[in-house]
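Read the structure below first, then the notes.
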Amino acid sequence: SVPASAQGNWKPVADAVREEFLWAWRHYVDRAFGADHIKPISGGGEDFFVEGHSVGLSVVEAVDTLWLMEADAEVERAVQWIIDNLDFNIDAPFQVFETNIRMVGGLAAAYHCTGDPRLLERAKDVADRLLPAFTQSPAGLPYRYVNLATGQVSDPETNIVEIGTYIAEFGVLSEWTGDSRYYDLAKRAMRVAYDQRTEIGLLPHDINAETGQWRNREATIGPPGDSYYEYLWDGYRLFGDPELKQWYDTLTGAILSKQAERRDGMLWFPQVDAFTGEVLSREQSVLAGFYAGLLAESGRVAEGRAYHDAFNLVQDEFGVIPTFVDYSTMKATRVDNALRPEFADSALMLWLATGDEVFRERAHTHFKNMVATSKAKYGFASLADVTAAPPSQEDTCPGYWWSEQMKYYWLLFSDTPRLDYRDNYLSTEANLLRGARR
Ligand SMILES: O=C1NC[C@H](CO)[C@@H](O)[C@@H]1O
Ligand SMILES: [Ca+2]
């Protein structure tokens, strides 16, 4: 039959995405409801943040996706679980960065979609429990862990992602509660890193939360550098802060001139020494794929296209993009892939920026290959080896699967009336913080 795209009719693909999501959701509800993760091969549940202390991560990550898919009875079930069970008074250290993008962001998105003030209360509650990580730090850079019950902080050996990926979630909390503390603490941490950019305008990625001193020399747009840059632009996009735009433009100018490498019309971003610009590694993390979308969103459309072209070459080569590929050899240097969503993330951003059908085609391939390789008895499984025939699965499904790629596919193919396609914002965890149309 004629492929959906040739008909210009993506509805069958949108229906397939929704069907797969609800199939996986029903198994999660039946077998692991309230667990952070389902184990999709055995049907069990597992904790993500702290052993023995699940906080319903997959429920919180799924709410806005269910809402956008108009699965309103399931939204109701998820919200009821949160109201009845979610209590953050847990005497254990939680990772500040992961708790913010997943739990603060997930609850904020659930509030944005449903308007239920009890969800905003819980987003504020868990954010307030993260604040000691910021306020206890002499340099204003958050420690990596905080005990949600006692406020005890730990681990200053951090990186620019974990000190710099808060302004979207903290910023909407400030906007929605009228308390500017959240925004101010998030921005202050970003400023510390920016003010220490090197003479060639690049940032190393590791930093000490107590002294503010750099802990390494390597610069990367992949982890653990990626969402620091993403949130500079996002803070400007969401709140119009011209200083954040100026920091983003300055650093992006340096990255494009000192950290980009062109090969056969494609663009790559090697790891380089932040002080000298010397190339240290040509390995590309699958997570770096988000950067193609960020470049396009922030007006560097040609560069965004060229970087997505590069990752599309990798997708064509491997079917599912390996966690690390060395682009000088096109060999996988890490063969697993934990259901990583970044290629689909940037496909959506590039489609929104250009309207070019090629990005829907690429995301369609990403979806088909995911179903073909990750589908297991009770849900979708991370892959241990994408180069094996067939690719081997792991008995785990990451929380971001419920928030990210299934939402990206749905928004790409469904033309849902529940999203303002012209003015919206998805966080780095794809939490919808602007653009829900109730
Ligand atoms: O920013 C992020 N980094 C890692 C995960 C997806 O790979 C997810 O938590 C989020 O997209
Ligand atoms: Ca992300």
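Order of listing sets the numbers, starting from 1, for every ligand and every atom in it. By convention here, the first residue in the shown sequence is residue 1.
Using a 4.0 angstrom heavy-atom cutoff, Ser227 does not count as in contact with ligand 1. In this structure, Glu230 falls outside the shell of residues with a heavy atom less than 4.0 angstrom from ligand 1.
The closest side-chain donor-acceptor pair between His366 and Gln405, if any, does not fall under 3.5 angstrom. Defined by atom type and a distance below 3.5 Å, a donor-acceptor pair is missing between the side-chain atoms of Tyr111 and Asp116. In this structure, a donor-acceptor pair under 3.5 Å is present between the side chains of Tyr248 and Ser298. No side-chain N or O of Gln95 forms a donor-acceptor pair with one of Thr99 less than 3.5 Å apart. Between Glu283 and Thr333, the side chains place a donor N or O and an acceptor N or O closer than 3.5 Å (distance only, hydrogens not considered).
For ligand 1, the polar-atom distance check finds no N/O of Glu98 at less than 3.5 Å from any of the ligand's N/O atoms.
In summary, Ser427 places no N/O/S atom under 3.0 Å from the Ca ion (ligand 2), failing the contact criterion.
Each of the atoms 4 (C), 7 (O) of ligand 1 lies under 4.0 Å from some heavy atom of Leu287. Of all the atoms in ligand 1, the ones that sit under 4.0 Å from a non-hydrogen atom of Glu429 are 8 (C), 9 (O), 10 (C). The Arg340 neighbourhood of ligand 1 comprises atoms 4 (C), 5 (C), 6 (C), 7 (O), with distances under 4.0 Å to a heavy atom of that residue. In the vicinity of Glu342, heavy-atom distances shorter than 4.0 Å reach the ligand 1 atoms 6 (C), 7 (O), 11 (O). Per-residue contacts place Arg102 under 4.0 angstrom from the following atoms of ligand 1 (heavy atoms of the residue considered): 9 (O).
Here the two rings, on Trp402 and Phe21, have centers that are under 6.0 Å apart.
When non-hydrogen atoms are compared, ligand 1 lies under 4.0 Å from neither the backbone nor the side chain of Pro223.
Of the residues Thr373, Asn369, Asn337, the one that meets the side-chain contact (heavy atoms from CB on, under 4.5 Å) test with Pro391 is Thr373.
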